[in-house]
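Right, one structure below, let's go through it.
In what follows, residues are counted from 1 in the order of the sequence shown. First listed ligand is number 1; within each ligand, the first listed atom is number 1.
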Amino acid sequence: MNRITDILGIKYPIIQAPMSWVTSAELVAAVSNAGGMGTLGPNAGHHTVANGPVESAERLRTEIKKTRELTDKPFGVNYFPPAVDSGESPYGEAQLKVLIEEKVKILVVVGVANEKDIKRLKGLGFIIIFRELQPTVSGAKAAEKAGADIIVATGFDEGGSTPHIPIGTMTIVPMIVDAVSIPVMATGGISDKRGVNAAFALGAEGVYLGTRFIASVESPAHENAKQDIVKHGTEDLLLLPTGRGGYWRATPHSVALEAQNAIDKQENSNFSKIGNLKTAMLDGQLEEGINTVSSGIQFIKEIKTCAEIVNELMADFISAN
Ligand SMILES: Cc1cc2nc3c(=O)[nH]c(=O)nc-3n(C[C@H](O)[C@H](O)[C@H](O)COP(=O)(O)O)c2cc1C
């Protein structure tokens, strides 16, 4: 037991991170039933783009209900608050209404460290796990001051779109640990027991994993995308600009290779296709989109169940507690 298991009411301080398109009630419940905490991400459980904010929020309601049918353990939901004071986001507001109505307890809030947003969510009674997209010491302090319960420190090693500034997990975790008194979770490139133990050695009190759980039996990711993770190692990965400052780290298939080629030749390229992770990861058309994963894929050799992953990665925490 530690502060994270106490705050979240879970057995082991390991969270399955929210990921667009590749989460579902089945994945989330499997991680929560294994003693960690699963998190529903954007488009969880769905294969088509929602028709506007209301449909998107109602789909989330369905997935929350489905998750509750599969587990009585705590789980989280991803929430992106409106950016700073730029006004209300219709998606955010419709989603928040559902989160309140469905009495969701734990939010994984991802974005900028805006005190007003965090205070508002705290005032609504949520437990808040806050992950700053571009992690900073000042942002972590601001989130703590505003009432966040747990901070996630993201290293550049992560899958999905990376932070803009390339600070690795080994550095960002102790930077944030030194800055705040609330517990910190480490994320970015952690995929085996050694990574988990290293995160604890750096002062983190828990780990937050995306890529490792994509390659799980219960993940809704397409089998092609799962096998692609098993098949490739870290040296195969390409790092491509998102166009918004960060990067996508992707396995070497047509869309990523063409983009890399254009960069090498200093040609203008249409990078919009790079962001298409649904086509590759959920629909399995690896040459039509990107399979974006962490630098930790080197150590993913087999598709295992979430229970096997949790028990294997948390083995030393379990025996010490
Ligand atoms: C395919 C993919 C999609 C992601 N989509 C989201 C998202 O929608 N919301 C979010 O907060 N983070 C998203 N992330 C980031 C993860 O929540 C998490 O920070 C990251 O996967 C952790 O790093 P790891 O992959 O090295 O374990 C995504 C990551 C991946 C790999």
Return a yes/no value for G160: is any of its N or O atoms, backbone included, closer than 3.5 angstrom to an N or O of ligand 1? no
Where is the nearest protein heavy atom to atom 10 (C) of ligand 1: which residue, which atom, and how far? N78 OD1, 3.5 Å
For R131, counting its heavy atoms only, list the atoms of ligand 1 lying under 4.0 Å from any of them. 10 (C), 11 (O), 12 (N), 15 (C), 19 (O)
State whether the side chain of T23 and the backbone N or O of G41 hold a donor-acceptor pair below 3.5 Å, judged by distance alone. yes
Less than 4.0 angstrom from a charged side-chain N to a carboxylate O is my criterion; do E144 and K141 meet it? no
Can you find a non-hydrogen atom of G41 under 4.0 Å from ligand 1? no
Atom 13 (C) of ligand 1: closest protein heavy atom, distance to 0.1 Å, is P18 O, 3.1 Å
For ligand 1, indicate whether the residue R212 contacts it via side chain, backbone, both or neither (heavy-atom separation under 4.0 Å). neither
For P74, the option from I127, I10, I7 that meets side chain to side chain contact (heavy atoms under 4.5 Å, CB included): I10
Are the charged groups of D149 and K122 less than 4.0 angstrom apart, N to O? yes
Using a 4.0 Å heavy-atom cut-off, which part of V110 comes near ligand 1: side chain, backbone, both, or neither? side chain
In terms of residue, atom name and distance, what is the protein heavy atom nearest to atom 26 (O) of ligand 1? G189 N, 2.7 Å
Interatomic spacing from OG in S191 to CG in L313 - rounded to 0.5 Å: 7.5 Å
In terms of atom number and element, which parts of ligand 1 are under 4.0 angstrom from non-hydrogen atoms of M281? 1 (C)
I need the atoms of ligand 1 closer than 4.0 Å to a non-hydrogen atom of S294, numbered in the order shown. 24 (P), 25 (O), 26 (O)
Look at atom 22 (C) of ligand 1 and say which protein heavy atom is nearest, naming residue and atom and giving the distance to 0.1 Å. T187 OG1, 2.9 Å
Looking only at protein heavy atoms, identify the closest one to atom 21 (O) of ligand 1 and say how far it is in Å. G210 CA, 3.5 Å
Residue part near ligand 1, for S20, under 4.0 Å between non-hydrogen atoms: both
Decide side-chain contact (heavy atoms from CB on, under 4.5 Å) for F213 and I14; before the verdict, give the C-alpha distance in whole Å, the side-chain angles of both, and the deciding distance to 0.1 Å. CA-CA 11 Å; F213 285 112; I14 177 167; 4.1 Å; yes
Does ligand 1 come near enough to T154 that some N or O of the ligand is less than 3.5 Å from an N or O of the residue? no
Evaluate the side-chain proximity of E115 to D117: yes if any heavy-atom separation is below 4.5 Å, no if none is. no
Checking heavy atoms under 4.0 Å, the part of V293 that sits near ligand 1 is neither
Using a 4.0 Å cutoff against the non-hydrogen atoms of L209, which atoms of ligand 1 qualify? 27 (O)
Decide yes or no for F126 and L99: does some side-chain heavy atom of the first lie under 4.5 Å from some side-chain heavy atom of the second? yes
Under 4.0 Å between heavy atoms, the region of W21 that gets near ligand 1 turns out to be neither
If we set the cut-off at 4.0 Å for heavy atoms, which region of T211 has an atom near ligand 1: side chain, backbone, both, or neither? both
Got a salt bridge between K65 and E69, using NZ or NE/NH1/NH2 to carboxylate O under 4.0 Å? no
H222 ring center near H47 ring center (under 6.0 Å): no
Just so I know, are the side chains of P241 and I263 near enough to count as touching, which here means a heavy-atom distance under 4.5 Å? yes
I'd like to know if E312 pairs up with R212 as an ion pair, taking the criterion as any Lys NZ or Arg NE/NH1/NH2 lying under 4.0 Å from an Asp or Glu carboxylate oxygen. no
Distance from atom 4 (C) of ligand 1 to nearest protein heavy atom, with residue and atom: M19 CA, 3.4 Å
Nearest non-hydrogen protein atom, atom 20 (C) of ligand 1: E158 OE1, 3.4 Å
Quick one, H232 with N291, criterion side-chain hydrogen bond (donor to acceptor under 3.5 Å, both in side chains). Give me CA distance, side-chain angles, the key distance, then yes/no. CA-CA 11 Å; H232 285 105; N291 191 10; over 6 Å; no
Which ligand 1 atoms, with their elements, are less than 4.0 angstrom from a heavy-atom of T292? 1 (C), 31 (C)
Residue-ligand contact Y208/ligand 1, heavy atom below 4.0 Å: yes
Suppose I only count heavy atoms of P42 and a 4.0 Å limit; which atoms of ligand 1 are within that range? 8 (O)
Is R249 salt-bridged to E158, going by a charged N under 4.0 Å from an acidic O? no
For A17, is at least one N or O under 3.5 Å away from an N or O on ligand 1? no
